[in-house]
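Everything below concerns the one structure shown next.
Just so you know, these numbers use all the heavy atoms, side chains as well, and skip hydrogens, waters and symmetry mates.
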Amino acid sequence: MKFNVKIASILAAFTFSMLLIITAILLFKGHEHLMMLHITDSEEVIHHFDMALRETAIWTIALLLVVILISSLLIARVLTRPIQEMNHFALRLVRGDRHLNISYKIDDPIGQLGQSLLKLDNTLSTYELRRKEMTQDLAHEIRNPLASIKSYLSAFEDGVWTATPERLQACVEEIDRLIILVGELDTLNDINNPTFKVMTKKETIANLIEKSVISLASELLAKEIEVELDLDRTIYAQVDALRINQILHNVIKNAMHHVQKEGVIVIRLYKQGDNYIILVHDNGIGMDEETSKKVFERNYRGESRYTGNGIGMTITKKLVEAHGGTISVSSEKNVGTTFSIEMPFST
């Protein structure tokens with residue numbers, strides 16, 4: 001049964017039930033009051049009066065029933081029209097249609113539902129655009145190292161080049177780029193899994209920061225970047241050491257790619273209320289306002305010299321949030337950038 005027919009049936013049944021109750025009361029009370037009168041030959045008068053009441057009631061009920069059915073159908077149609085419009089809208093969204101419109105604009109619960117569906121339409125459109133951009137970016141990121149490796153191997157095969165250690169090392173570096181990209185995609189997939197959880201235990205945060213810096217020591221030395229540490233060694237927290245290392249590695253690498261030769265990266269660790277703060281500041285080229293807002297979005301790289309794949313900072317944000325924390329960035333062009341990581345002592 002259609003929804004509007006159900007609504008009409010409910011309205012008709014309710015109205016008809018009330019009409020029957022009112023009619024029964026009128027017949028009963030009319031007969032009762034007539035019995036109270038002392039009329040000669042009262043039985044015949046009462047009989048004819050009851051007949052008149054019953055016939056009047058029957059005709060009234062019959063006519064009102066027709067009116068009730070017609071009006072109920074019309075009312076049900078008016079009431080269900082916006083709901084049917086919302087249903088049609090939702091079905092079109094499921095089919096993949098986008099940038100739709102809803103004519104029902106009244107500010108009531110149904111109208112609010114319509115506005116929510118419009119927002120969902122806009123959100124899905126944005127996500128689909130980002131998905132297409134992500135697919136294109138990933139294809140580009142994968143194609144470049146593969147093309148480089150193929151060109152090297154073709155040159156070796158044709159005898160154009162000799163397989164020197166330097167050229168073989170270039171192939172290895174391209175393969176490493178692919179491995180890093182696939183690893184980051186796996187990490188991102190794991191984080192987005194509803195069952196993902198960080199495996200925490202009590203750690204000294206200062207030690208984790210120092211280990212992350214040491215793991216990047218060769219790159220820091222090669223670029224002659226100075227690292228200044230200002231760490232509160234009394235801070236202990238329940239964290240996943242592996243994931244914290246990923247967070248710090250991504251943030252410090254980001255700073256390194258924006259710092260000029262002989263630049264400085266300052267890392268601070270201190271308490272603030274029930275949380276601890278990790279600040280990573282660099283005196284590099286900085287970011288514009290748009291890049292600062294979008295740096296944590298997937299596949300966003302901005303107009304910097306950084307040639308990464310745009311996934312690292314997305315992973316960083318999700319890992320910080322998995323620890324119950326937040327990460328933010330403030331930056332000024334040609335002045336520097338500061339990443340602020342705020343996390344609770346217990347996740």
Side-chain angles (χ1 to χ4, degrees), residues 180-193 196-217 219-220 225 227-233 235-259 265-272 274-282 284 287 291-302 304 306 308-331 336-347:
I180 291 171
L181 175 60
V182 173
E184 288 187 337
L185 288 173
D186 283 340
T187 302
L188 194 58
N189 182 62
D190 291 340
I191 294 172
N192 288 326
N193 192 317
F196 173 78
K197 291 182 179 179
V198 290
M199 308 300 292
T200 65
K201 67 175 183 178
K202 195 171 184 179
E203 301 278 358
T204 306
I205 305 302
N207 289 346
L208 297 179
I209 294 174
E210 288 176 339
K211 288 179 181 178
S212 297
V213 173
I214 291 171
S215 69
L216 295 169
E219 296 179 56
L220 291 165
I225 296 174
V227 178
E228 297 180 3
L229 300 179
D230 179 12
L231 309 177
D232 184 343
R233 296 188 173 278
I235 295 178
Y236 298 85
Q238 292 289 131
V239 296
D240 186 325
L242 176 62
R243 301 304 185 182
I244 293 295
N245 180 68
Q246 281 183 274
I247 293 169
L248 295 169
H249 184 274
N250 288 339
V251 174
I252 297 171
K253 285 278 285 187
N254 184 279
M256 289 169 56
H257 282 285
H258 290 87
V259 170
I265 297 175
V266 179
I267 303 176
R268 292 186 59 211
L269 170 65
Y270 60 92
K271 298 177 182 177
Q272 182 171 291
D274 295 329
N275 300 325
Y276 61 92
I277 310 292
I278 302 174
L279 292 182
V280 180
H281 171 76
D282 67 71
M287 295 182 285
T291 303
S292 297
K293 291 179 180 179
K294 297 182 178 181
V295 68
F296 298 111
E297 292 183 9
R298 191 179 301 183
N299 292 103
Y300 185 81
R301 288 189 291 269
S304 67
Y306 183 36
N309 50 54
I311 300 176
M313 296 313 296
T314 303
I315 293 173
T316 300
K317 184 174 186 290
K318 288 183 177 292
L319 288 176
V320 170
E321 291 173 348
H323 281 83
T326 59
I327 181 170
S328 60
V329 60
S330 61
S331 184
T337 301
T338 301
F339 281 91
S340 175
I341 303 170
E342 181 174 355
M343 292 205 287
F345 291 101
S346 179
T347 302

Rounded to the nearest 0.5 Å, what's the gap from [atom1] on [X] to [atom2] on [Y]? Could you check?
X	Y	atom1	atom2	value
Lys318	Ile247	NZ	CD1	13.0 Å
Leu248	Thr316	CG	OG1	9.0 Å
Ile225	Leu220	CD1	CG	5.5 Å
Phe345	Ile205	CZ	CD1	9.0 Å
Ile315	Arg243	CD1	CZ	9.0 Å
Leu319	Ile341	CG	CD1	10.5 Å

Under the side chain to side chain contact (heavy atoms under 4.5 Å, CB included) test, which residues partner [X], sequence neighbours left out?
X	answer
Glu219	Leu216, Lys253, Met256
Lys293	Glu289
Ile214	none
Tyr270	Arg268, Gln272, Ile277, Leu279

* **Over 12 foreign heavy atoms within 6.0 Å of CG, Asp230** => yes
* Asked: Can the positive tip of Lys271 be found less than 6.0 Å from the middle of the six-membered ring of Tyr276, inside 45° of the ring normal?
  -> no
How would you list, by chain and number, every residue that makes a side chain to side chain donor-acceptor pair (under 3.5 Å) with [X], sequence neighbours excluded?
X	answer
His249	none
Asn207	none
Glu321	Lys317

* Donor-acceptor pair between Asn245 and Ser212 side chains, under 3.5 angstrom -> yes
* How would you list, by chain and number, every residue that makes a salt bridge (Lys or Arg N to Asp or Glu O under 4.0 Å) with Glu342, sequence neighbours excluded? -> none
Are any non-hydrogen side-chain atoms of [X] and [Y] less than 4.5 angstrom apart?
X	Y	value
Ile267	Glu228	no
Asn254	Phe339	yes
Ile235	Thr204	no
Met343	Ile327	no

Is a donor on one side and an acceptor on the other found under 3.5 Å between the side chain of [X] and the backbone of [Y]?
X	Y	result
Asp282	Ile265	no
His323	Asp240	yes
Thr337	Ser331	no

* Would you name the heavy atoms of Ala241 and Leu208 that are closest together and state the gap between them? => CB-CD2, 3.9 Å
* Structure fact -> Smallest heavy-atom separation, Ala237 atom then Pro344 atom, equals CB-O, 4.4 Å
